[in-house]
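Just so it is clear, the model here is predicted, and its values are computed rather than measured. All values below come from the heavy atoms of this structure, side chains included, with hydrogens, waters and symmetry mates left out.
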Amino acid sequence: MEANSTEPAILQADNQKPVPKRKSSRKRSITIFTIVTLLNVAVLAFLWTQLLTPAQTTTQGSSQTNTNDPLIGHPAPNFTLDALNLRPDAPVSLSSFKGKPIILNIWNSTCLPCMDEAHLLQSLWQRVKSQGVVFIGIDFQDLKGDGLSFLKKYSVTYPNVLDVSGSTAISYGVTATPETLFINRQGVVVSRVISELTEQSFQSNLQLIIR
């Protein structure tokens, strides 16, 4: 009788032993899941902030001073391109303007920011050309007829060239329009403005190349 009375108690004790282990295992699983979730949230938050932060190698509306830009502080790549004119003119070479401060504006006739800055660029050139500052527009991967229509529409009179293949603009690290590069009298790229040029960004960068 005593053996029979103790057997259920032993079985009951055996059945109760795994319970704390299951609770402990479940608690660990919840803890691990929470930690992994928090880490994922942190990683996503970091990636999101990186997406919202402009890359250091680009600057919108201001001078490009980051040394990650391979052109800053180095000679501007020379080019020889056909002038964007109705009459056949001699090709334009960058090297022919050696010793003068140069402003290169890369644009395209379908680019809305290029349209917005066109009148300002023409006005700025009229204002500073007496100081020997050279303006050159580079029409990037465009049709000649579309480029000529653009120049006529916005009354642009400073020299422009046609970069049909886009190879010249690409050699300057341009992937989209507009971009404006400022080259000093020694032929060195001093700064770059990405996106639409403004009066303020123009003046601040101009000072870097007319010293």
Item checked: Pairwise side-chain contact, T180 with I106, heavy-atom cut-off 4.5 Å (strictly under) -> no
Next item on the list: Report yes or no: do L151 and L112 belong to one cluster of Ile/Leu/Val/Met/Phe/Trp/Tyr joined by side chain heavy-atom distances under 4.5 Å?
Entry: yes
Next item on the list: Please report the C-alpha distance between V161 and L84 in whole Å, then the side-chain angles of each, then the deciding distance to 0.1 Å, and finally whether the side chain to side chain contact (heavy atoms under 4.5 Å, CB included) criterion is met.
Entry: CA-CA 5 Å; V161 294; L84 189 56; 5.8 Å; no
Next item on the list: Could you tell me whether a side-chain N or O of N85 sits under 3.5 Å from a main-chain N or O of R87, the two making a donor and an acceptor?
Entry: no
Notebook entry, point to check: What distance do K100 atom NZ and R185 atom CZ have between them, rounded to the nearest 0.5 Å?
Noted result: 10.0 Å
Note to self: Within the 3.5 Å criterion, strictly below it, is a donor on W107 or D142 matched to an acceptor on the partner's side chain?
What the structure shows: no
Next item on the list: Please answer whether the main-chain N or O of Y158 pairs with a side-chain N or O of N160 as donor and acceptor at a distance below 3.5 Å.
Entry: yes
Checklist line | Closest non-hydrogen atom pair between Q131 and R127, with its separation | finding: NE2-O, 4.3 Å
Note to self: Check this for me: does any side-chain nitrogen of one of K144 and D146 sit under 4.0 Å from a carboxylate oxygen of the other?
What the structure shows: no
Check: Does any N or O in the side chain of N184 come within less than 3.5 Å of the main-chain N or O of V188, such that one atom is a donor and the other an acceptor?
Finding: yes
Note to self: Just checking K153: does its NZ atom have more than 12 heavy atoms from other residues, nucleotides or ligands closer to it than 6.0 angstrom?
What the structure shows: no
Next item on the list: Examine the side chains of N105 and E117 and answer whether a donor and an acceptor come within less than 3.5 Å of each other.
Entry: yes
Next item on the list: Apply side chain to side chain contact (heavy atoms under 4.5 Å, CB included) to D69 and R192, showing your working.
Entry: CA-CA 9 Å; D69 187 324; R192 180 196 301 265; 2.8 Å; yes
Margin query: Would you say that Y154 contacts M115 through its side chain, given a criterion of any heavy-atom pair below 4.5 Å between the two side chains?
Written below: yes
Check: When clusters are formed by joining ILVMFWY residues with side-chain heavy atoms under 4.5 Å apart, either directly or through shared neighbours, do F202 and I210 land in the same one?
Finding: yes
Check: Are V190 and I209 side-chain neighbours, meaning at least one heavy-atom pair lies under 4.5 Å?
Finding: yes
Check: If every non-hydrogen atom of D139 is compared with every non-hydrogen atom of G147, which pair is closest and at what distance?
Finding: OD2-CA, 3.3 Å
Checklist line | Pairwise side-chain contact, I72 with H74, heavy-atom cut-off 4.5 Å (strictly under) | finding: no
Item checked: From CA spacing to verdict: side chain to side chain contact (heavy atoms under 4.5 Å, CB included), L104, F182 -> CA-CA 7 Å; L104 289 183; F182 292 77; over 6 Å; no
Check: Taking atom types as modelled and ignoring hydrogens, do the side chains of T157 and Q122 form a donor-acceptor contact shorter than 3.5 angstrom?
Finding: yes
Margin query: To check you understand the geometry: which heavy-atom pair defines the closest contact between F140 and A169, and what is its length?
Written below: CD1-CB, 3.4 Å
Notebook entry, point to check: Rounded to the nearest 0.5 Å, what separation is found between the CD atom of Q141 and the CD1 atom of I138?
Noted result: 12.5 Å
Next item on the list: Measure the spacing between CZ of F97 and CD1 of I102 and express it to the nearest 0.5 Å.
Entry: 7.0 Å
Next item on the list: Taking all heavy atoms of A76 and all of Y172, pick out the closest pair and write down the distance.
Entry: CB-OH, 3.5 Å
Note to self: Strictly distance-based, threshold 3.5 Å: is any side-chain N or O of D163 a donor or acceptor partner for the main-chain N or O of T168?
What the structure shows: yes
Next item on the list: Any chance you could measure L71, atom CG, to L181, atom CG, to the nearest 0.5 Å?
Entry: 7.0 Å
Check: Would you say the side chains of S95 and S93 form a donor-acceptor pair under 3.5 Å?
Finding: no
Note to self: Checking the side chain of S123 only, and the main-chain atoms of H119 only, is there a donor and an acceptor separated by less than 3.5 Å?
What the structure shows: no
Margin query: Under a 3.5 Å cutoff, is there a donor and acceptor pairing between the side chains of T198 and S201?
Written below: yes
Next item on the list: Please report the shortest heavy-atom distance between F135 and L121, naming the atom on each side.
Entry: CE2-O, 3.5 Å
Next item on the list: Please assess I183 against I103 for the test side chain to side chain contact (heavy atoms under 4.5 Å, CB included), listing each intermediate value before the final yes or no.
Entry: CA-CA 6 Å; I183 303 169; I103 296 172; over 6 Å; no
Check: Roughly how far, to the nearest 0.5 Å, is CG of D116 from CD of E196?
Finding: 4.5 Å
Check: Is there a path of hydrophobic side-chain contacts, each under 4.5 Å between heavy atoms of I, L, V, M, F, W or Y residues, that connects L162 with L86?
Finding: yes
Next item on the list: Grab the two heavy atoms, one from P178 and one from C111, that are nearest each other, plus how far apart they are.
Entry: CD-SG, 3.6 Å
Next item on the list: Supply the atom-to-atom distance L197 CG to L120 CG, rounded to the nearest 0.5 angstrom.
Entry: 6.0 Å
